[in-house]
Amino acid sequence: MSETAVSIHSLSRSFSGKRAVNSLEFDIQRGSVFGFLGPNGAGKTTTIRLLLGLLAPDSGNATVLGHDIINESHLIREKTGALLEHNGLYERISVQANLDLYGRIYHLEDRERHDRIEGLLERFDLTEKAKERTGSLSRGMKQKLAVARALLHRPPLIFLDEPTAGLDPVASSQLRNTLRDLVATEGITVFLTTHNLMEAEQICDTVGVIRKGELIAFGPPSTLTSSKDNIYLVRGSGFSENILSNLNMLPMISDVTIEDSSHINIHLTADNTMAPIVRKIIESGAEIEEVRKETNSLEDSFLALLKDGSSDRSQL
């Protein structure tokens with residue numbers, strides 16, 4: 001079986017002459033969490049709808065679980081789970097009845113359906129709510145139920161369009177933990193769109209950044225959150241004004257700033273290292289507990305990419 005869950009080749013789609021998705025090209029590996037990042041209107045939801053065969057591409061193609069999105073979209077929808085703009089829940093019936101209905105739609109046998117529903121209710125902490133009317137649930141519980149619905153027929157791949165949008169921090173954290181656990185225990189692949197950059201940094205193995213329909217970056221979040229150029233945080237004690245003044249006079253240092261009484265930031269000029277600086281600080285009577293090269297947050301890197309006017313794709 002192929003290790004690739006989704007493979008996209010020059011995929012494009014326009015609406016009224018405007019490109020919503022422009023020559024997308026990337027692969028997603030099985031058993032991973034992929035985060036699709038971008039501002040509103042960037043083309044994230046359109047991409048998912050293309051991959052599910054709900055929209056036809058103008059050009060290019062893609063395969064999902066080995067199936068062609070143009071000629072085998074019905075097989076893709078059978079084998080995947082999806083939570084898009086609407087949660088697909090019937091609010092007048094109970095939590096358990098919602099899952100039972102979808103289990104029947106997917107032709108699950110009685111025993112399998114019963115066991116799967118019980119397992120998902122327990123996994124999503126919904127067992128005590130099983131008999132309650134779905135419309136009475138909180139937003140967070142409805143969202144967990146909607147994800148459980150998407151997972152009911154054990155799909156190897158699920159598409160989640162901003163699943164934590166509007167949830168409180170506790171509900172968001174619980175849902176993220178559940179998704180990571182599902183990947184670990186059931187080996188599913190998650191295709192996730194999100195505006196929550198902390199969420200992407202925490203749970204995604206790979207992220208793609210899309211802007212105006214074009215993929216502008218792709219790779220692990222750790223690569224995107226690259227080191228800031230020659231900026232080091234030094235933590236310790238005894239950082240006197242005299243020491244800071246002497247450091248600022250060194251030619252290999254462009255700037256020294258004080259975070260607080262126990263932290264200083266040192267900006268080195270190009271092609272210099274911290275080793276001689278550390279010796280100088282210690283010889284001056286200060287104590288050093290930690291030296292750490294500063295890194296960009298995913299938010300810093302994401303905003304920088306969106307501000308960049310170039311259309312060149314970068315590897316994260």
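Heads up: numbering here begins at 1 and tracks the sequence.
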* Is the shortest distance from a Lys or Arg side-chain nitrogen in Lys142 or Glu91 to a carboxylate oxygen in the other one below 4.0 Å? ->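 A salt bridge is present here (some side-chain N lies under 4.0 Å from a carboxylate O).
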* To do: Flag the pair Asp100 and Arg113 as a salt bridge only when some basic side-chain nitrogen lies within less than 4.0 angstrom of an acidic carboxylate oxygen.
  =>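 Yes, Asp100 and Arg113 are salt-bridged.
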Is a donor on one side and an acceptor on the other found under 3.5 Å between the side chain of [X] and the backbone of [Y]?
{"X": "Glu287", "Y": "Gly238", "result": "no"}
{"X": "Glu72", "Y": "Asp68", "result": "yes"}
{"X": "Ser138", "Y": "Met141", "result": "yes"}
{"X": "Lys280", "Y": "Leu247", "result": "no"}
{"X": "Thr178", "Y": "Gln174", "result": "yes"}
{"X": "Asp181", "Y": "Asn177", "result": "no"}
{"X": "Arg149", "Y": "Ala82", "result": "yes"}
{"X": "Lys44", "Y": "Pro39", "result": "yes"}
{"X": "Asn248", "Y": "Val256", "result": "yes"}
{"X": "Arg13", "Y": "Ala56", "result": "yes"}

Going from [atom1] on [X] to [atom2] on [Y], what distance comes out if it is rounded to the nearest 0.5 angstrom?
{"X": "Leu75", "Y": "Thr80", "atom1": "CG", "atom2": "OG1", "value": "10.5 Å"}
{"X": "Ile253", "Y": "Ile277", "atom1": "CD1", "atom2": "CD1", "value": "4.0 Å"}
{"X": "Ser240", "Y": "Asn246", "atom1": "OG", "atom2": "CG", "value": "8.0 Å"}
{"X": "Ile188", "Y": "Leu179", "atom1": "CD1", "atom2": "CG", "value": "7.0 Å"}
{"X": "Leu160", "Y": "Leu151", "atom1": "CG", "atom2": "CG", "value": "7.5 Å"}
{"X": "Thr46", "Y": "Ile210", "atom1": "OG1", "atom2": "CD1", "value": "8.0 Å"}

Are [X] and [Y] connected in the hydrophobic side-chain network, where two residues link if heavy atoms are under 4.5 Å apart?
{"X": "Ile288", "Y": "Ile243", "answer": "yes"}
{"X": "Val33", "Y": "Ile48", "answer": "no"}
{"X": "Leu182", "Y": "Val6", "answer": "no"}
{"X": "Ile76", "Y": "Leu24", "answer": "yes"}
{"X": "Leu65", "Y": "Leu11", "answer": "yes"}

* **Pair Ile281-Ile266, side-chain contact (heavy atoms from CB on, under 4.5 Å): steps then yes or no** => CA-CA 12 Å; Ile281 295 172; Ile266 296 178; 4.0 Å; yes
Would a 4.5 Å heavy-atom cut-off, applied to side chains only, mark [X] and [Y] as touching?
{"X": "Val234", "Y": "Phe239", "result": "yes"}
{"X": "Phe218", "Y": "Thr206", "result": "yes"}
{"X": "Ile203", "Y": "Val183", "result": "no"}
{"X": "Ser262", "Y": "Ser237", "result": "no"}

To check you understand the geometry: which heavy-atom pair defines the closest contact between [X] and [Y], and what is its length?
{"X": "Ala146", "Y": "Leu83", "result": "CB-CD1, 3.8 Å"}
{"X": "Cys204", "Y": "Pro221", "result": "O-CG, 3.5 Å"}
{"X": "Ile158", "Y": "Ala150", "result": "CG2-O, 4.1 Å"}
{"X": "Leu152", "Y": "Tyr102", "result": "CD2-C, 3.7 Å"}
{"X": "Gly81", "Y": "Pro155", "result": "N-CB, 3.6 Å"}
{"X": "Pro57", "Y": "Ile69", "result": "CG-CD1, 4.3 Å"}

* Sole candidate of Val95, Leu99, Leu108, Leu126 that passes side-chain contact (heavy atoms from CB on, under 4.5 Å) when paired with Ile117 ->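 Filter result, single survivor: Leu99.
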* Asked: Yes or no on side-chain contact (heavy atoms from CB on, under 4.5 Å) for Arg133 and Ile93, after CA distance, side-chain angles and deciding distance?
  -> CA-CA 5 Å; Arg133 188 171 61 86; Ile93 61 177; over 6 Å; no
* Pairs meeting criterion ring-ring contact (aromatic ring centres under 6.0 Å, His included) with involvement of residues 121-176, two or more places apart ->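 Passing the test, one end in residues 121-176: Tyr106-His153, Phe159-Phe191.
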Flag yes if more than 12 heavy atoms outside [X] fall under 6.0 Å of its [atom1] atom; otherwise flag no.
{"X": "Glu132", "atom1": "CD", "answer": "yes"}
{"X": "Glu241", "atom1": "CD", "answer": "no"}
{"X": "Phe15", "atom1": "CZ", "answer": "yes"}
{"X": "Glu85", "atom1": "CD", "answer": "yes"}

* What residues form a salt bridge (Lys or Arg N to Asp or Glu O under 4.0 Å) with Lys79, not counting sequence neighbours? -> none
* To do: Check side chain to side chain donor-acceptor pair (under 3.5 Å) between Glu290 and all other residues, then give those that pass, not counting sequence neighbours.
  =>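 Scan of Glu290 (side chain to side chain donor-acceptor pair (under 3.5 Å), adjacent residues dropped) gives Arg235, Arg292.
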Does one side chain, of [X] or [Y], offer a donor that lies under 3.5 Å from an acceptor on the other?
{"X": "Ser172", "Y": "Glu199", "answer": "no"}
{"X": "Thr134", "Y": "Asn98", "answer": "yes"}
{"X": "Thr193", "Y": "Asp161", "answer": "yes"}
{"X": "His74", "Y": "Glu78", "answer": "no"}
{"X": "Arg19", "Y": "Ser14", "answer": "yes"}

* To do: Please test Leu215 against Phe36 for side-chain contact (heavy atoms from CB on, under 4.5 Å), starting from the C-alpha separation and ending with a verdict.
  => CA-CA 10 Å; Leu215 188 71; Phe36 207 27; 4.2 Å; yes
* To do: Apply side-chain contact (heavy atoms from CB on, under 4.5 Å) to Thr194 and Arg176, showing your working.
  => CA-CA 12 Å; Thr194 181; Arg176 285 194 296 270; over 6 Å; no
